[in-house]
K.L.:
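Here it is, the structure in full.
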Amino acid sequence: MMNPPPLLVTCGLPYTNGPCHLGHLRTYVPADMYVRYMRRAGEEVVFVCGSDNHGTPIVVSAEEAGTSPRALSEKYHKHFDESFKRMNVIFDRFGMTDDPATHHRTQAIISELQKKGYIYNQVVHQAYCTKCKRFLPDRYVEGICPHCGRPARGDECDQGCGKHLEPGEIKDPVCKVCGTKAEFRDQEHYFFRLSEFKDFLLPYLDQLRGTNNAKNYAIGWIKDELHDWCITRTLEWGVKFPGRDDLVVYVWVDAPIGYIAFTEEWAKANGKDWKRYWCGENRVTHFIGGDIIYHHCIFWPALLKGAGYGVPHAVVASGMVKVDDHKFSKSRGYVVWTNDDYLDKGLPADYLRYYLLAYTSHTKELNFSWKVFGERINNEVVNIFGNFVYRTLYFAQKEFAGIPPGTIDPAIIAEIEKTLATVDQLMRDYEFKGAVDAIMALAAFGNTYIQTNAPWKLIKTDRAAAAQVVKNCVQIAKALAILIEPVMPDTAQRCWRQLGYFDQVAAHPISDATCPVPEACIEPPTTLFVKMEDTQITELDALLQRRVAEANKKTEKIPVVTFEEFQKLDIRTGKVLSAELVPKSNKLLKLMVNIGTETRQIVAGMQQFYQPGEMVGKDVVVVTNLAPAKIFGIESNGMILAAGDAASLLVPVKPVEPGTKIR
RNA sequence: AGCGAGGUAGGGUAGUCAGGAUAUCCCGUCGGGCUCAUAACCCGAAGAUCGAUGGUUCAAAUCCAUCCCUCGCUACCA
């Protein structure tokens, strides 16, 4: 059998318009662990990543900051590069998608796709801001939904009926940046014939390696119809579309192409051939966040296939990160910044790496809380792992001035081998938590072993037997140092040094875990870890709580409306004539309400708070000139006012006739 | 609504793909041991109708069906 192709591991590219946070690390730390492990399991691995610099948000952020997109990108590029290094996430190449390699490779791929007929052009309506003098990507247009009449974004009626809006559909478009009324202009765009790749993608995804969340999600999409994909934008910033100075390619085209370009950059600097990684059979493994599965499992393989490159071998998608059991959200304050909140507080990278890897399976949601962080670090890392190594070496040094001579008990070697086999299988299945657990189980085994064999007792009667127990324990400690390196590289190295070795633990293959430790003198050991103090945890947590509280205040800020705007609303009292549950809905009630001049049918989301029976006969407050909407297929002509999440109804205190105007 | 992921002792979490005998681990509670060690470690106990119902099977947390609950996603948005 031929040697398998080398492994190329990539991480989803961080976008250069904000700093590094836990959400990033949830993908990068496991990828780094995987790379470290696979290298030491004897694989040839290249690990590349880079920053993603293009797209409208960066242009807008740069304008707001009074700088250029390139300068902004460079600032955050440097930030990510440093943050990853501080976390011991070490790439062979960390590039930028705005560097020449990505521009060049993107244009080469687009040209190739054009040559093969996979790209066509088409004129589309697009919102244009006359003040900013540019076309507005859909996210930067606001207007009125043509379906329900409520405010909507350019691409979707996000506050109203939730319908997807095609370019040109939105009414009264306004530039979100400057507030000027936008107009529609015709603009030629280029489309990728994604729809032609359906027959390729289904069998491809079926055999795709990686985590099944990625695979399932993508297969689900494919079963629906695949639309062709608009791959150009009217922007200055980005990779120029070949032959068109006024268009750049969509950022989601050049971002993954960065993976190839960064490999090229690495290969050039190291005298290697990048084609070995990207052309033909390969083992390209993408580590990504769960939010970008679509791009990596559908667009990207189709692009590569169409342009004649090899397609990815595996996609490993991480689950989402929660903070204090809340959805990760920068605007709501549920965020942990890698530098400000963690590393700059003097906390070790190893602790966070451990937490991220050991909390749960890679594809499940990971909750971060300082309290749990402190508990797990102290109980598992410090007490079980750290204490075993320390008590072993302390006793060895005290009683034997180091590691005693002798051979290792075969049962101990067998135990280590069992751990090695388990870890290896789990790592190849991308089950990082399982692998960490197996390593910790070996540490727990060590504690049980030393406890049951009590060399501190034995030594009083049988010094040789005590030496044997110690020797076995040291062997376990050695195995632990070797195994824990992909998880906690700094700790592993410290542990390695304490075992009397002067070289790098990372230079040793995993299989060295069963190589007997020789007799040696060692220095008195120091504790491997410092415990997390309760006061420290409380302080860190308080900082987070303060940020959440401040964010809450900010979100409460609401825009001022003029009296004229207020007067547009026609609010009247009404009497509920009948109420019934809307079938298949668990929130909606269908109400008939007398508003004086007429009886209206109104659908209201208050089923969980009011029985239909108790609604009948109630005087309620109704917005009568709200645009009609269809909810669950039932027409609703107005809105009943209620306060708060529990929908406390607003009712007139003194009796009034139905239809009385509210001012 | 559609799609996806989850629902396992007081909290958290593994096991579910490849069905089997006392359902894992961490914390917490209770009892004991040890004292080499960072008040750490070891042993034991209590505590789970494995979301519900029905089915397949000698055997179901695990497979199938239906339902309930929670969360996420729904593409020209990076």
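Sequence lines set the chain letters: A, B, ... in the order given, protein chains first and strands last, and positions in each chain run from 1.
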K.L.:
If you only use heavy atoms from C-beta on, which nucleotide in B:C41, B:C34, B:A14 is closest to the side chain of A:Asn387?
P.N.:
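When the side chain of A:Asn387 is considered, B:C41 is the closest of B:C41, B:C34, B:A14.
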
K.L.:
How long is the line joining CZ of A:Phe368 and P of B:G12, in whole Å?
P.N.:
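To the nearest whole Å, that distance equals 18 Å.
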
K.L.:
Does OP1 or OP2 of B:A14 have a side-chain N or O of A:Lys364 closer than 4.0 Å?
P.N.:
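A:Lys364 to B:A14 OP1/OP2: side-chain N or O found under 4.0 Å.
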
K.L.:
From the set B:C41, B:C77, B:A14, return the single nucleotide nearest to any side-chain atom of A:Tyr250.
P.N.:
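Closest nucleotide to the A:Tyr250 side chain: B:C77.
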
K.L.:
Establish, yes or no, whether a centroid distance under 6.0 Å links the rings of A:Phe94 and A:Phe262.
P.N.:
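Ring-ring flag for A:Phe94/A:Phe262: false, centres at least 6.0 Å apart.
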
K.L.:
Taking the six-membered ring for Trp, are the ring centroids of A:Phe432 and A:His362 within less than 6.0 Å of each other?
P.N.:
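When the ring centroids of A:Phe432 and A:His362 are compared, they turn out to be within the sub-6.0 Å range.
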
K.L.:
Please report the distance separating the C1' of B:U35 from the corresponding atom of B:C30, rounded so that it comes out in whole Å.
P.N.:
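Approximately 22 Å lies between the C1' atom of B:U35 and that of B:C30.
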
K.L.:
Sort out the partner of B:A39 for me: Watson-Crick or G-U wobble, both distances under 3.5 Å, none otherwise.
P.N.:
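WC or wobble partner does not exist here.
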
K.L.:
What integer number of Å spans the P atoms of B:U24 and B:A45?
P.N.:
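That atom pair is separated by 11 Å.
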
K.L.:
Specify the separation, in whole Å, of atom NZ of A:Lys531 and atom C1' of B:C41.
P.N.:
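The answer, rounded to whole Å, is 11 Å.
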
K.L.:
Mind checking the C1' distance from B:A52 to B:G6? Whole angstroms is fine.
P.N.:
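Result for the C1' pair: 16 Å, nearest Å.
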
K.L.:
Which nucleotide wins on minimum distance to the side chain of A:Lys457, given the candidates B:U35, B:C77, B:C73?
P.N.:
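Of all the options, the side chain of A:Lys457 is nearest to B:U35.
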
K.L.:
If B:G54 has a Watson-Crick or G-U wobble mate with both distances under 3.5 Å, name it; if not, just say none.
P.N.:
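Answer to the pairing question: B:C64, which forms a Watson-Crick or G-U pair with B:G54.
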
K.L.:
Categorize A:Asp52 for me: base, sugar-phosphate, or nothing, with a 4.0 angstrom heavy-atom threshold over every strand shown.
P.N.:
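If one applies the 4.0 Å heavy-atom cut-off, A:Asp52 turns out to touch nothing in the nucleic acid.
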
K.L.:
Taking the nucleotide of RNA chain B with the nearest heavy atom to each, does A:Thr392 or A:Lys322 sit closer to the 5' end?
P.N.:
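Closer to the 5' end of RNA chain B: A:Thr392.
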
K.L.:
Between A:Phe388 and A:Tyr449, is the gap from one ring center to the other below 6.0 Å?
P.N.:
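No.
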
K.L.:
What distance, rounded to whole Å, do you find between the two P atoms, one in B:U57 and one in B:U62?
P.N.:
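B:U57 and B:U62 have their P atoms separated by 16 Å.
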
K.L.:
Looking at A:Tyr128, is A:Arg185 sitting on its ring face, NZ or CZ under 6.0 Å from the six-membered ring centre and within 45 degrees of the normal?
P.N.:
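Yes.
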
K.L.:
Starting at CE of A:Met440 and ending at P of B:A14, how long is that distance when rounded to a whole Å?
P.N.:
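To the nearest whole Å, that distance equals 17 Å.
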
K.L.:
Using atom P in both nucleotides, what's the gap between B:A60 and B:G54 to the nearest angstrom?
P.N.:
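Rounded to whole Å, the distance is 14 Å.
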
K.L.:
For a quick check of understanding: with a heavy-atom distance under 4.0 Å over all strands, which category does A:Tyr394 fall into, base, sugar-phosphate or nothing?
P.N.:
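Here A:Tyr394 touches the backbone only, sparing every base.
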
K.L.:
Considering only side-chain heavy atoms of A:His295, which listed nucleotide, B:C77, B:U35, B:C76, is closest?
P.N.:
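Of B:C77, B:U35, B:C76, B:C77 is nearest to the side chain of A:His295.
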
K.L.:
Is there a Watson-Crick or G-U wobble partner for B:A23 with both distances under 3.5 Å, and if so, which one is it?
P.N.:
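B:A23 is unpaired by these criteria.
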
K.L.:
Could you tell me whether A:Phe328 and A:Tyr334 have their ring centroids closer than 6.0 angstrom?
P.N.:
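Distance test on ring centres: not under 6.0 Å, no.
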
K.L.:
Name the pairing partner of B:G2, where a pair is Watson-Crick or G-U wobble with both distances under 3.5 Å, or state none.
P.N.:
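Pair assignment: B:G2 / B:C73.
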
K.L.:
Any idea which of B:C27, B:C41, B:C73 is nearest the A:Glu375 side chain?
P.N.:
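The closest nucleotide is B:C27.
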
K.L.:
Nearest whole angstrom, please: distance from the C1' of B:C34 to the NZ of A:Lys460.
P.N.:
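Interatomic distance, NZ of A:Lys460 to C1' of B:C34: 11 Å.
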
K.L.:
Please give the distance between the C1' atoms of B:C50 and B:G19 as a whole number of Å.
P.N.:
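Approximately 14 Å lies between the C1' atom of B:C50 and that of B:G19.
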
K.L.:
For B:A14, does either OP1 or OP2 sit under 4.0 Å from a side-chain N or O belonging to A:Thr360?
P.N.:
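Yes, within the criterion.
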
K.L.:
Just name whichever nucleotide pairs with B:G47, Watson-Crick or G-U, keeping both distances under 3.5 Å, else none.
P.N.:
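Pair assignment: B:G47 / none.
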
K.L.:
With sugar-phosphate meaning primed atoms plus P, OP1 and OP2, does A:Phe388 contact a base, only sugar-phosphate, or nothing at under 4.0 Å between heavy atoms?
P.N.:
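Result for A:Phe388 = nothing.
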
K.L.:
Considering only side-chain heavy atoms of A:Arg391, which listed nucleotide, B:C76, B:A14, B:C36, is closest?
P.N.:
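Shortest atom-to-atom distance from the side chain points to B:C36.
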
K.L.:
A:Asn213 near the nucleic acid: base, sugar-phosphate alone, or nothing, with a heavy-atom cut-off under 4.0 Å?
P.N.:
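Contact class for A:Asn213: none.
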
K.L.:
When both hydrogen-bonding distances must be under 3.5 Å and the geometry is Watson-Crick or G-U wobble, what is B:G28 paired with, if anything?
P.N.:
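Here B:G28 is not engaged in any pair, so there is no nucleotide opposite it.
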
K.L.:
What's the closest nucleotide to the A:Tyr390 side chain, out of B:G72, B:U38, B:C42?
P.N.:
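Nearest to the side chain of A:Tyr390 among the choices is B:U38.
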
K.L.:
Can you work out whether A:His54 or A:Lys433 has the more 5'-proximal nearest nucleotide on RNA chain B?
P.N.:
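In this pair, the answer is A:Lys433.
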
K.L.:
Over how many whole Å does the gap from A:Ile439 atom CD1 to B:C25 atom C1' extend?
P.N.:
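About 15 Å, once rounded to whole Å.
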
K.L.:
Hey, is A:Phe395 doing a stacking thing with B:C36, by the 5.5 Å centroid and 30° angle criteria?
P.N.:
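Whether judged by distance or by angle, A:Phe395 falls short somewhere, so it does not stack on the base of B:C36.
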
K.L.:
Check whether any side-chain nitrogen or oxygen of A:Asn383 sits under 4.0 Å from OP1 or OP2 of B:C41, and answer yes or no.
P.N.:
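For B:C41, OP1 or OP2 has a side-chain N or O of A:Asn383 closer than 4.0 Å.
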
K.L.:
Without decimals, in angstroms, what is the distance between A:Arg376 CZ and B:C25 C1'?
P.N.:
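It is 9 Å, rounded to the nearest whole Å.
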
K.L.:
When we call it a touch if two heavy atoms are under 4.0 Å apart, what does A:Ser361 touch: a base, just sugar-phosphate, or nothing?
P.N.:
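Touches sugar-phosphate only.
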
K.L.:
Atom CZ of A:Arg233 and atom P of B:C77: how far apart are they, to the nearest Å?
P.N.:
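It is 6 Å, rounded to the nearest whole Å.
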
K.L.:
Under 4.0 Å, counting only non-hydrogen atoms across every strand here, what does A:Val251 touch: a base, just sugar-phosphate, or nothing?
P.N.:
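Contact class for A:Val251: sugar-phosphate only.
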
K.L.:
Taking atom P in both B:G4 and B:U66, compute the distance separating them and give it to the nearest angstrom.
P.N.:
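Between the two P atoms, the distance is 13 Å.
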
K.L.:
Could you please name the partner base of B:U13, counting Watson-Crick and G-U wobble pairs only when both distances are under 3.5 Å?
P.N.:
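Across all strands, not a single nucleotide pairs with B:U13.
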
K.L.:
Under 3.5 Å, side chain of A:Asp325 to main-chain N/O of A:Asn367, donor-acceptor pair present?
P.N.:
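Between the backbone of A:Asn367 and the side chain of A:Asp325 there is no qualifying donor-acceptor contact (under 3.5 Å).
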
K.L.:
When you measure from the side chain of A:Lys327, which nucleotide among B:C36, B:G72, B:U38 comes out closest?
P.N.:
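In terms of side-chain proximity for A:Lys327, the closest of B:C36, B:G72, B:U38 is B:G72.
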
K.L.:
Students often get this wrong, so: under 4.0 angstrom with heavy atoms, is A:Leu528 touching a base, only sugar-phosphate, or nothing?
P.N.:
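Here A:Leu528 touches the bases of the nucleic acid.
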
K.L.:
Would the distance check show the side chain of A:His296 and the main-chain N or O of A:Ile292 forming a donor-acceptor pair, the cut-off being under 3.5 Å?
P.N.:
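Yes, the answer is positive, given that a donor and an acceptor are paired below the 3.5 Å cut-off.
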
K.L.:
Quick check on the 6.0 Å ring-centre criterion: do A:His24 and A:Phe80 meet it?
P.N.:
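Close enough - the centres of the two rings lie under 6.0 Å apart.
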
K.L.:
When the aromatic ring centroids of A:His103 and A:His54 are compared, is their separation below 6.0 Å?
P.N.:
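Between A:His103 and A:His54, the centre distance is under 6.0 Å.
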
K.L.:
With respect to the side chain of A:Ile384, which nucleotide from B:C76, B:U38, B:C41 is positioned closest?
P.N.:
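When the side chain of A:Ile384 is considered, B:C41 is the closest of B:C76, B:U38, B:C41.
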
K.L.:
Round to the nearest Å and state the distance from A:Ile293 atom CD1 to B:U74 atom P.
P.N.:
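Taking CD1 of A:Ile293 and P of B:U74, I get 11 Å after rounding.
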
K.L.:
Taking the C1' atom of each, how far is B:U8 from B:A23, in whole Å?
P.N.:
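It comes out at 9 Å once rounded to the nearest Å.
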
K.L.:
Given B:A14, B:C42, B:C71, which nucleotide is nearest the side-chain atoms of A:Met320?
P.N.:
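Closest nucleotide among those given: B:C71.
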
